[in-house]
Undergrad: 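Once you've had a glance at the structure underneath, I'll fire off some questions.
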Amino acid sequence: MSALAATHGAVNLGQGFPDFDGPAEVLAAAKDAIDGGHNQYAPGRGVPVLREAVATHQQRFWDLTYDPETEIVATAGATEAVFASLQALLDTGDEVVLFEPYYDSYLASISMAGAVARPVTLRPPDYRFDHDELRAAITPRTRVLLLNSPQNPTGAVFPRADLELLAELASEHDLLVVADEVYEHLVFDDEHVPFATLSGMRERTVVISSAAKTFSVTGWKIGWLCAPPDLATAVLTAKQFVTFVNGTPFQHAVATGLGLPDDYFTGFVETYRGKRDRLCAGLTDLGLEVFVPAGTYFVTADIRPFGYEDGLEFCRMLPKEAGVAAVPTQVFYVDPRRGRHLVRFAFCKTDEALDEAIERLRRFRP
């Protein structure tokens with residue numbers, strides 16, 4: 001979709017990257033780190049200043065305590081953290097319960113571990129899961145529960161009651177949990193509940209986050225995971241044969257970002273709340289059925305009011321005919337028919353870009 005956007009000069013509301021830079025302090029810290037000679041291999045677990053900053057962040061925001069020496073590992077973004085976690089924790093034939101639609105790397109990571117995906121479908125308008133379907137998805141072969149909340153692509157934020165059910169089932173079936181929480185600071189209408197804060201979950205959970213979303217530096221690919229020493233070491237063992245290490249100066253810069261004052265994080269949420277409301281109102285005015293997200297910087301919409309049934313067909317046509325790019329949500333389902341009529345738009349763009357996209361869609365509207 002990004003390639004089509006570039007070819008046709010479309011406003012790219014498809015791929016989830018901001019079209020603006022992150023905080024000046026973080027960008028300056030990267031330059032200072034380069035000038036300061038932090039340009040060689042980082043330690044395998046990540047530079048100490050980043051691991052210490054992650055530990056402080058977890059305590060500051062979520063009242064979670066992690067040892068930066070043994071329980072925190074820096075990764076090449078959250079995507080590598082998920083991949084390495086699944087390679088480390090799964091054996092051939094193990095099963096992974098996850099929620100669909102899902103972030104696109106999940107299924108590939110499960111497959112490359114020789115494991116089997118057992119999806120549980122989230123359904124609009126609120127993208128909650130059916131508790132009985134969840135219980136039915138767990139079998140004696142289930143090894144890992146893969147959780148993403150706030151959730152890409154739906155923007156759902158799992159309520160505490162649903163997370164507590166997941167925690168109960170994880171304990172009952174002795175499951176390990178991989179919790180992708182990269183949108184932890186982008187929650188608008190509810191609260192983010194870190195999975196590791198639930199009863200009994202810290203010792204069986206790998207918590208994953210990254211700088212990409214919170215500091216608008218997707219190209220830096222700096223992520224991290226927090227886990228008990230045995231799980232953290234297992235994931236590190238897999239990770240060292242993927243990237244080994246990465247982004248030394250950027251790790252230093254992200255440590256600066258994690259230490260920014262509270263008003264940065266509150267302002268960050270309010271800025272994105274405004275962008276969410278701007279895009280959702282525009283899409284609604286065009287006649288689309290819009291499922292307003294509780295978190296992330298994505299919104300999904302039903303395109304059938306535009307006269308289209310197939311999101312893939314719609315999104316392939318849209319950059320050329322309307323000058324706007326989006327992503328067909330059906331590609332994030334094991335069975336694409338479940339999301340065939342849904343499309344994801346990203347609102348991590350300037351207000352001018354969002355307004356231009358809505359205007360182009362208005363001119364295109366059948």
Side-chain angles (χ1 to χ4, degrees), residues 1 11-19 78 98-104 106 120-129 147-163 179-194 209-210 212-214 216 218 265-303 305 311 315 324-333 338-339 341-351 353-355 357-358 361:
M1 293 303 108
V11 179
N12 190 354
L13 304 188
Q15 191 173 2
F17 63 86
D19 60 355
L98 73 163
F99 296 94
E100 64 172 5
Y102 43 73
Y103 177 59
D104 57 2
Y106 292 172
V120 176
T121 303
L122 305 175
R123 295 181 175 87
D126 57 2
Y127 287 110
R128 298 283 295 276
F129 61 85
L147 174 66
N148 177 210
S149 179
Q151 209 255 0
N152 176 9
T154 66
V157 176
F158 287 16
R160 181 179 289 274
D162 285 356
L163 293 172
D180 180 352
E181 300 182 4
V182 295
Y183 296 98
E184 58 187 324
H185 289 294
L186 273 178
V187 175
F188 309 117
D189 303 320
D190 205 338
E191 62 170 341
H192 171 60
V193 180
S209 194
S210 84
K213 309 304 185 288
T214 304
S216 302
T218 60
F265 295 92
T266 55
F268 174 72
V269 173
E270 289 309 309
T271 295
Y272 271 99
R273 188 194 310 275
K275 293 181 183 298
R276 177 199 66 169
D277 294 347
R278 193 182 203 98
L279 181 60
C280 288
L283 294 174
T284 300
D285 287 346
L286 292 173
L288 294 175
E289 183 178 5
V290 177
F291 307 113
V292 178
T296 76
Y297 48 51
F298 299 111
V299 58
T300 57
D302 187 332
I303 59 170
C315 289
V324 177
V327 169
T329 310
Q330 68 196 75
V331 302
F332 305 129
Y333 291 80
R338 296 188 184 118
H341 57 287
L342 301 173
V343 166
R344 188 193 76 179
F345 297 91
F347 52 87
C348 49
K349 312 296 177 180
T350 63
D351 290 348
L354 296 174
D355 290 346
I358 292 299
L361 289 170

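Worth saying up front: this structure is predicted, and the values here are computed from it rather than measured.
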Undergrad: Please report the closest heavy-atom contact between A357 and L13, naming both atoms and the distance.
TA: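 Closest approach of A357 to L13: CB-CD1, 3.6 Å.
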Undergrad: Would you give the length of the straight line joining atom SG of C348 to atom CG of L354, rounded to the nearest 0.5 angstrom?
TA: 8.5 Å
Undergrad: What's the shortest heavy-atom distance between L342 and D302, and which atoms?
TA: CD2-CA, 4.0 Å
Undergrad: In Å, rounded to the nearest 0.5 Å, how long is the span from NZ of K275 to CG of L186?
TA: 11.5 Å
Undergrad: Under 3.5 Å, is there a donor-acceptor pair between the side chain of Q151 and the main chain of P101?
TA: yes
Undergrad: Examine distances only and state if a side-chain atom of K213 and a backbone atom of T218 form a donor-acceptor pair shorter than 3.5 Å.
TA: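 Side chain of K213 to backbone of T218, a donor-acceptor pair under 3.5 Å: no, none is there.
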Undergrad: Which heavy atom of A346 sits nearest to which heavy atom of Q15, and what is that distance?
TA: CB-O, 4.2 Å
Undergrad: Apply ring-ring contact (aromatic ring centres under 6.0 Å, His included) to Y103 and list each qualifying residue two or more places apart in sequence or on a separate chain.
TA: Y106
Undergrad: Tell me whether D355 is salt-bridged to R278, with the criterion being a basic N under 4.0 Å from an acidic carboxylate O.
TA: yes
Undergrad: Looking only at heavy atoms, which two atoms of P150 and H192 are closest? And how far apart?
TA: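 Closest heavy-atom pair between P150 and H192: CD-ND1, 3.7 Å.
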Undergrad: Checking the side chain of D351 only, and the main-chain atoms of A353 only, is there a donor and an acceptor separated by less than 3.5 Å?
TA: no
Undergrad: Side chain to side chain contact (heavy atoms under 4.5 Å, CB included) between V157 and F188: does it pass, once the steps are laid out?
TA: CA-CA 9 Å; V157 176; F188 309 117; over 6 Å; no
Undergrad: Would you say Q330's side chain and G311's backbone share a donor-acceptor pair under 3.5 angstrom?
TA: yes
Undergrad: Under a 4.5 Å cut-off applied to non-hydrogen side-chain atoms, are E181 and P194 in contact?
TA: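 Heavy-atom side-chain distance check passes, below 4.5 Å.
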Undergrad: Kindly compute the distance separating CZ (R128) from CG (D162), expressed to the nearest 0.5 Å.
TA: 4.0 Å
Undergrad: Is a side-chain donor or acceptor of D190 paired with a backbone partner of F158 at a separation under 3.5 angstrom?
TA: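 No; zero donor-acceptor contacts below 3.5 Å.
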Undergrad: Find out whether F332 and T154 are in side-chain contact, i.e. whether some heavy atom of one side chain is under 4.5 Å from a heavy atom of the other.
TA: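 Not in contact.
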Undergrad: Please output the side-chain donor-acceptor pairs of residues 293-300 that fall under 3.5 Å, not counting sequence neighbours, one pair per line with the distance.
TA:
unit_1	atom_1	unit_2	atom_2	d
T296	OG1	F298	N	3.2
Y297	OH	G16	O	3.0
T300	OG1	Y127	OH	2.9

Undergrad: Measure the acute angle between the ring planes of Y272 and F347, then classify it against the limits of 30° and 60° as parallel, tilted or perpendicular.
TA: tilted
Undergrad: Could you pull out the closest heavy-atom pair between A156 and S149, with the gap in Å?
TA: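 Minimum heavy-atom separation between A156 and S149: O-OG, 4.3 Å.
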Undergrad: Run the numbers on Y102 and N148 for side chain to side chain contact (heavy atoms under 4.5 Å, CB included), then give the verdict.
TA: CA-CA 8 Å; Y102 43 73; N148 177 210; over 6 Å; no
Undergrad: Could you tell me the separation between the CG atom of L283 and the CD atom of E289, rounded to the nearest 0.5 Å?
TA: 12.5 Å
Undergrad: Nearest 0.5 angstrom please: L361 CG to L288 CG, how far?
TA: 7.5 Å
Undergrad: Nearest 0.5 Å please: distance from the CD atom of E270 over to the CZ atom of F265.
TA: 15.0 Å
Undergrad: Can you name the closest pair of heavy atoms from R344 and T329 and give their distance?
TA: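 Taking R344 first and T329 second, the nearest heavy atoms are N-OG1, 3.4 Å.
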